[in-house]
Amino acid sequence: MASPDSVRVLEVCQVAAASGSPESATALSLPITFLDARYFKFPPAERIYFFKLHGSTPTFFHSVLVPTLKHSLSQTLRHFLPLAGHLTWPPHSPKPIILYSPNDAVSLTIAESDADLDRLVGDEIREASESRLCVPELPISDPKASVIALQITLFLNKGYSISIAMHHAVVDGKTASMFLKAWAHLCKNTAKGQTFTLSPELTPSFDRSTIKDPDELESFYLNHWVATTKLDSKSNPRSLKLLPNLLGVPPKLVRATFQLSRENIEKLRGAVVSYHQHGAAGLQPTREVRLSTFVLTCAYLSVCLVKARGGDANRMVYFLVAADCRSRLDPPISQNYFGNGVFVHDTVIEARTFMEENGVAIIAEKISGIIKGLEKGLFRGAKESHERLRSTGADVQKIGIAGSPRFLYYEEDFGWGKPNKVEIASIDRINGVSLMESRDGNGGIEIGIVMQRHEMEAFASLFVQGLN
């Protein structure tokens, strides 16, 4: 287990966007949208990229790796200026804005660690707190909040890690991945002494003028956050500080990683198809079910999660699905849109349904139904869903999915090789689940999970048994 003194902070510096461009010398402001407002006081989204690099001595780390990363970060920020800015809520503004001013900068922490890198990149069960020391704090105060913070950590003669904390009201997972891919590409070319111009697929679009707010969702979400903040009489209703109950990481949680190979997924698909073809009581065998890799993975892991918790079969389980709205909005927005382009949909199911013999097939149908339902209206029932989730108690099990295999996390090569492990650290706060592509490139799925140890051990057993 990593001790609190296993990571030593060597430097905290500020990295500004490279000068020399008209953009970096000009203030820039972006209004938030209703898609951003939903996440206004959510805790930061956090990722850690672990890289094994033999010969990563302090000399190499400080004379080559860190300077190259700093220089390429500065160049990348020229194209992603809002990341160097901050979120604020001016007194005259009806809503928060994202503001960049010349000389704004990103906080970058340089650290070194005695922790066992081999353990951190493994899949085995370990304390979730072990890797949190590699994650930077996102500076947030009453009047303003940073958009991102970064940390580079040396593991002596073993490798290094790059981690990022992001304000969820400013960026979503897709925007974060676009920035990290741009930084990695530029850094890799800088290390080779080459210049680099951003390709079209890595160039962000800041245009949000065509985004329409259905049913005044923006004011609905902001009013909710203001009302929640007012519960603390000492707080400014426009304060950007996050709610204390959303910040902490519950104690005694463990983390583990599980792999679903392409063969595993095809086996699941065959079993679910067979069930639907033969039909079942209360189920029409001709009903259309979209058995994508995402649907099958979510159905299987959610069945294992519910069974691992056990308990009352009558309890309610909330399954949450985040849908990318970029191509679904009317009119559509750019696939490179900078900001939040996702919207969360949920379905409520009794735990006993997950526990049935053919639970995976039944849950796959329900998740498929959520996705198919997007065609009838992206934001239908959004207010009701929000109120429903707010009113849930501790007895309700929530299964939310962070990340996506489409983000291709393992492509982020900064010049010294691809990552050996990528971790979505922010699921620590919510006992959550993350999905990404398999690191070995075999078309499988990598599942990150955080929960109590006894539940994790039960989940691991169920996960393996179900595949066999």
Side-chain angles (χ1 to χ4, degrees), residues 9 11-19 23-47 73-74 76-109 135-151 163-173 175-176 179 204 206 208 218-219 221-248 338-340 426 429:
V9 173
E11 175 190 6
V12 179
C13 58
Q14 302 295 312
V15 178
S19 59
E23 294 82 7
S24 61
T26 307
L28 169 69
S29 67
L30 294 174
I32 68 166
T33 72
F34 74 95
L35 292 166
D36 302 318
R38 177 166 184 164
Y39 305 102
F40 181 42
K41 295 218 172 203
F42 270 44
E46 300 158 331
R47 296 184 191 176
L73 172 61
S74 178
T76 308
L77 289 172
R78 290 175 58 182
H79 305 277
F80 291 83
L81 289 177
L83 295 183
H86 55 272
L87 184 69
T88 185
W89 195 341
H92 62 275
S93 175
K95 61 182 179 180
I97 62 171
I98 304 159
L99 179 65
Y100 166 80
S101 301
N103 300 319
D104 277 350
V106 170
S107 173
L108 173 63
T109 299
V135 181
E137 288 290 328
L138 186 67
I140 297 177
S141 63
D142 267 325
K144 68 178 182 179
S146 296
V147 177
I148 65 170
L150 298 160
Q151 180 169 324
S163 57
I164 181 169
M166 306 163 277
H167 203 300
H168 210 328
V170 181
V171 296
D172 64 4
T175 295
F179 160 68
F206 301 111
R208 47 191 64 193
E218 181 183 287
S219 60
Y221 291 132
L222 289 178
N223 288 339
H224 156 69
W225 291 121
V226 168
T228 305
T229 304
K230 283 181 177 178
L231 294 177
D232 180 355
S233 59
K234 298 179 181 179
S235 295
N236 170 8
R238 293 185 171 215
S239 170
L240 297 182
K241 286 186 177 179
L242 303 180
L243 299 178
N245 63 317
L246 295 179
L247 279 178
F338 178 100
N340 278 287
S426 41
R429 304 179 191 275

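Quick caveat, the model's predicted, so the values are computed rather than measured. Note that the numbering runs from 1 along the sequence shown for the chain.
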Seminar exercise, completed: Scanning both residues in full, the closest heavy-atom pair of Leu242 with Pro43 reads CD1-CA, 3.8 Å
For this session: Could you list the residues that satisfy side-chain contact (heavy atoms from CB on, under 4.5 Å) with Thr109, not counting sequence neighbours?
Result: Val9, Val12, Gln151
Seminar exercise, completed: By salt bridge (Lys or Arg N to Asp or Glu O under 4.0 Å), Arg238 pairs with (sequence neighbours left out) none
For this session: Provide the full list of salt bridge (charged side-chain N to carboxylate O under 4.0 Å, His left out) pairs with a residue in residues 85-103, sequence neighbours left out, each pair given once.
Result: Lys95-Glu218
Exercise. Got a sec, which residues hit side-chain contact (heavy atoms from CB on, under 4.5 Å) with Ser426, two or more places apart in sequence or on another chain?
Worked result: Ala45, Glu46, Ile424
For this session: Using a 4.5 Å cut-off on heavy atoms from C-beta on, say whether the side chain of Val147 contacts that of Leu138.
Result: no
For this session: Write out all pairs satisfying salt bridge (charged side-chain N to carboxylate O under 4.0 Å, His left out) with one or both partners inside residues 96-107, taking only residues at least two apart or from two chains.
Result: none
Exercise. Looking at residues at least two apart in the chain, or sitting in another chain, which of them share a side-chain contact (heavy atoms from CB on, under 4.5 Å) with Ala16?
Worked result: Ala105
For this session: Answer whether the closest heavy-atom distance between the side chains of Thr33 and Pro31 falls below 4.5 Å.
Result: no
Problem set entry | Heavy-atom check, side chain of Phe338 versus side chain of Arg208, under 4.5 Å | yes
For this session: Flag the pair Phe206 / Ile98 as yes when at least one side-chain heavy-atom distance between them is below 4.5 Å, and no otherwise.
Result: no
Problem set entry | Validation row, ring centre Phe40 to ring centre Trp89 under 6.0 Å | yes
Exercise. Below 4.5 Å, heavy atoms only, C-beta onward: do Pro143 and Lys241 meet side chain to side chain?
Worked result: no
Problem set entry | Any residue meeting side-chain contact (heavy atoms from CB on, under 4.5 Å) with Ala145, in chain and number order, not counting sequence neighbours | Leu87, Ile140, His167, Leu240
Exercise. Under 3.5 Å, is there a donor-acceptor pair between the Asn340 and Asp172 side chains?
Worked result: no
Exercise. Taking only residues two or more places apart in sequence or in another chain, which ones pass side-chain hydrogen bond (donor to acceptor under 3.5 Å, both in side chains) with Arg47?
Worked result: Tyr49, Ser177
Exercise. By side-chain hydrogen bond (donor to acceptor under 3.5 Å, both in side chains), which residues pair with Glu137, not counting sequence neighbours?
Worked result: none
